[in-house]
Participant: 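Dropping the structure in here first, questions after.
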Amino acid sequence: MRYLLTGGAGYIGSHTCVCLLEAGHEIIVIDNLSNSSPVSMERVEKITGKKITFYMGDCCDEEFLDEVFANEQIDAVVHFAGLKSVGESVSIPMRYYRNNLDSTIALCNAMSRHNVKKLVFSSSATVYGANDCVPLREDLPLGVCTNPYGWTKWMNEQILRDLVKADPQWSVVLLRYFNPAGAHESGMIGEDPAGIPNNLMPFICQTAAGIRKELQVFGNDYNTPDGTCIRDYIHVMDLAAGHLKALEYSLAHTGIDTFNLGTGEGYSVYQMIEAFERANHLTLPHRDAPRRAGDSPISYADPSKAHKLLGWKAVHTLDDMCRDAWNWQSQNPTGYPKED
């Protein structure tokens with residue numbers, strides 16, 4: 001099969017490229033490289049020994065998208081492209097609403113014009129908001145998001161539900177990610193955030209590498225056992241495998257369905273620090289800091305639906321995530337080079 005990945009040069013996208021190529025599929029990637037590196041695509045080709053068809057462009061540009069669909073035979077699309085920082089979305093919400101909604105609408109319009117109606121959408125556990133009914137299930141009521149990033153994912157999900165209702169030929173799979181961590185075991189690709197990291201693991205890795213003086217723990221007064229936020233951390237290669245299963249599901253079904261991609265286990269920030277130190281035989285300097293805007297106290301998945309219907313289950317451990325993340329950081333202390 002030939003799959004199009006928007007935002008495919010990014011963290012989750014690049015690892016999904018590896019998974020799809022190793023499964024024997026061909027891929028086309030669209031990315032504007034605003035928060036990713038072309039080197040990730042070169043590295044994916046080295047890992048897999050296979051070529052990627054790459055288009056540099058913006059998913060909000062419908063004329064550009066039409067060119068891609070006219071040039072390529074595409075069986076299904078994975079839509080990763082979008083701005084993704086919770087904290088940043090609080091400070092510049094209009095940019096998030098404009099980019100994240102416009103890109104989905106433009107993509108769906110282009111797909112409709114070219115009769116490609118199989119879509120896997122990169123959603124997020126943030127759509128559950130400050131929901132204390134854990135583990136979080138796909139059938140829980142939504143609409144209580146705690147930050148603009150989460151609202152953009154919630155709104156995109158609603159746009160796609162309305163699209164499928166209007167045209168039942170569509171097949172849409174909504175994947176609600178929990179907290180991706182780790183890297184490919186080769187250490188050749190991994191998470192390379194621009195500026196200050198938004199996610200805990202790159203913060204930990206950069207502190208361990210001496211890039212940052214110390215790790216800030218944002219909030220130690222939450223209503224959790226040790227006062228720090230609890231999250232469901234999932235190895236990025238498990239997440240990538242979930243996209244392969246979702247694509248297979250989309251080819252065999254019409255309509256719309258939603259799946260959590262998580263492990264079903266929650267770990268606090270302090271527990272993550274301890275796990276990283278244990279797995280890599282390191283000591284991390286850290287200090288407590290005020291809460292960060294938009295964070296909810298506890299979030300972990302009930303992934304049983306994905307196991308039952310997709311035949312998918314996370315297999316990597318927390319130690320695997322910590323080891324692979326540090327392997328990437330150790331080999332690439334400052335992330336991807338400008339040229340490789």
Side-chain angles (χ1 to χ4, degrees), residues 85-87 90 124-142 144-147 149-150 153 176-182 191 196-208 212-236 238-239 260-307 313-326:
S85 167
V86 167
V90 174
S124 166
T126 55
V127 300
Y128 293 113
N131 197 319
D132 57 5
C133 186
V134 290
L136 297 166
R137 303 185 318 274
E138 293 88 346
D139 60 355
L140 287 173
L142 305 179
V144 288
C145 302
T146 59
N147 54 75
Y149 167 73
K153 292 298 186 181
R176 292 176 182 162
Y177 309 161
F178 279 69
N179 291 70
E191 189 168 9
I196 298 173
N198 304 305
N199 300 327
L200 177 60
M201 187 61 83
F203 240 130
I204 286 176
C205 288
Q206 289 184 10
T207 303
R212 300 192 178 278
K213 180 180 178 181
E214 60 188 1
L215 173 70
Q216 291 179 289
V217 178
F218 295 110
N220 66 349
D221 57 349
Y222 287 98
N223 186 23
T224 62
D226 66 15
T228 65
C229 289
I230 291 174
R231 294 291 182 268
D232 187 334
Y233 295 92
I234 175 173
H235 198 290
V236 68
D238 283 331
L239 197 60
N260 288 334
L261 293 185
T263 66
E265 297 286 338
Y267 296 96
S268 74
V269 177
Y270 288 156
Q271 286 176 316
M272 288 297 291
I273 294 171
E274 292 168 4
F276 188 89
E277 291 178 330
R278 180 182 66 248
N280 297 302
H281 310 290
L282 296 168
T283 300
L284 287 173
H286 60 276
R287 67 175 176 86
D288 294 331
R291 293 186 182 191
R292 188 172 57 176
D295 282 341
S296 55
I298 303 176
S299 177
Y300 63 95
D302 176 349
S304 59
K305 183 179 176 183
H307 188 201
K313 189 175 183 179
V315 297
H316 291 82
T317 66
L318 184 59
D319 280 4
D320 292 334
M321 295 178 224
C322 293
R323 183 191 63 248
D324 291 342
W326 180 236

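One-based numbering along the sequence shown. Only a predicted model underlies this, so the values are computations on that prediction, with no experimental measurement involved.
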Participant: Return the CD1 to OH distance between Ile230 and Tyr267, rounded to the nearest 0.5 Å.
Facilitator: 11.5 Å
Participant: Kindly give the heavy-atom pair with the smallest separation between Ala301 and Gly262, and that separation in Å.
Facilitator: CB-CA, 4.1 Å
Participant: Could you walk me through whether Met201 and Trp326 satisfy the side chain to side chain contact (heavy atoms under 4.5 Å, CB included) test, starting with their C-alpha distance in whole Å, then the side-chain angles of each, then the deciding distance to 0.1 Å, before giving a yes or no?
Facilitator: CA-CA 9 Å; Met201 187 61 83; Trp326 180 236; over 6 Å; no
Participant: Does any pair with a residue in residues 280-289 pass salt bridge (charged side-chain N to carboxylate O under 4.0 Å, His left out), and if so which ones, sequence neighbours excluded?
Facilitator: Glu214-Arg287
Participant: Return each pair, listed once, that meets side-chain hydrogen bond (donor to acceptor under 3.5 Å, both in side chains) where at least one residue sits in residues 273-284; pairs must be two or more places apart or across chains.
Facilitator: Arg278-Asp319
Participant: Going by ring-ring contact (aromatic ring centres under 6.0 Å, His included), name the residues that satisfy it together with Tyr177, two or more places apart in sequence or in a different chain.
Facilitator: His243
Participant: Tell me whether the count of non-hydrogen atoms from other residues, nucleotides or ligands lying under 6.0 Å of CG in Asn223 goes above 12.
Facilitator: no
Participant: Who are the salt bridge (Lys or Arg N to Asp or Glu O under 4.0 Å) partners of Asp226, not counting sequence neighbours?
Facilitator: none
Participant: Do the non-hydrogen side-chain atoms of Leu136 and Phe178 ever get within less than 4.5 Å of each other?
Facilitator: yes
Participant: Please lay out, stage by stage, how Asp221 and Arg291 fare under the test side chain to side chain contact (heavy atoms under 4.5 Å, CB included).
Facilitator: CA-CA 8 Å; Asp221 57 349; Arg291 293 186 182 191; 3.0 Å; yes
Participant: Looking at NZ of Lys153 and CZ of Arg176, how far apart are the two atoms once the value is rounded to the nearest 0.5 Å?
Facilitator: 12.0 Å
Participant: Is the shortest side-chain heavy-atom distance between Asp232 and Asn260 below 4.5 Å?
Facilitator: no
Participant: May I ask you to check whether over 12 heavy atoms, not counting those of Lys313, lie within 6.0 Å of atom NZ?
Facilitator: no
Participant: Among all residues two or more places apart in sequence or in another chain, which pass the side chain to side chain contact (heavy atoms under 4.5 Å, CB included) test with Pro202?
Facilitator: Glu191, Pro193, Pro197, Asn199
Participant: Out of curiosity, Arg231 CZ to Ser296 OG, how far, rounded to the nearest 0.5 Å?
Facilitator: 4.0 Å
Participant: Do you know which two heavy atoms are closest between Arg212 and Phe203, and how far apart they sit?
Facilitator: CD-CE2, 3.5 Å
Participant: Return the minimal non-hydrogen interatomic distance between His316 and His235, and the atom names on each side.
Facilitator: CB-CB, 3.5 Å
Participant: May I ask you to decide if Val315's main-chain N or O and Asp238's side chain share a donor-acceptor pair within less than 3.5 Å?
Facilitator: yes
Participant: Looking only at non-hydrogen atoms, find the nearest pair between Val144 and Tyr128 and report the distance.
Facilitator: CG2-O, 3.4 Å
Participant: Going by salt bridge (Lys or Arg N to Asp or Glu O under 4.0 Å), name the residues that satisfy it together with Asp302, two or more places apart in sequence or in a different chain.
Facilitator: none
Participant: State the OH-CE distance between Tyr233 and Met272, to the nearest 0.5 angstrom.
Facilitator: 5.0 Å
Participant: Heavy atoms, side chains only, cut-off 4.5 Å: are Cys145 and Thr126 in contact?
Facilitator: no
Participant: Tyr270 vs His286 aromatic rings, parallel, tilted or perpendicular, using cut-offs 30° and 60°?
Facilitator: tilted
Participant: Could you walk me through whether Tyr149 and Ser85 pass the side chain to side chain contact (heavy atoms under 4.5 Å, CB included) check?
Facilitator: CA-CA 7 Å; Tyr149 167 73; Ser85 167; over 6 Å; no
Participant: When rounded to the nearest 0.5 angstrom, what distance separates CG in Leu282 from CD1 in Ile204?
Facilitator: 11.0 Å
Participant: State, to 0.1 Å, how close Lys213 and Pro285 come at their nearest heavy-atom pair, and which atoms those are.
Facilitator: O-CG, 3.4 Å
Participant: Check Ile234, Asn179, Thr317, Leu318 against Thr263 for a side-chain contact (heavy atoms from CB on, under 4.5 Å) and give me the one that passes.
Facilitator: Ile234
Participant: Enter the distance from Leu200:CG to Ser268:OG here, rounded to the nearest 0.5 Å.
Facilitator: 9.5 Å
Participant: Check step by step if side chain to side chain contact (heavy atoms under 4.5 Å, CB included) holds for Val269 and Phe218.
Facilitator: CA-CA 9 Å; Val269 177; Phe218 295 110; over 6 Å; no
Participant: To check you understand the geometry: which heavy-atom pair defines the closest contact between Ala125 and Ser299, and what is its length?
Facilitator: CB-OG, 4.1 Å
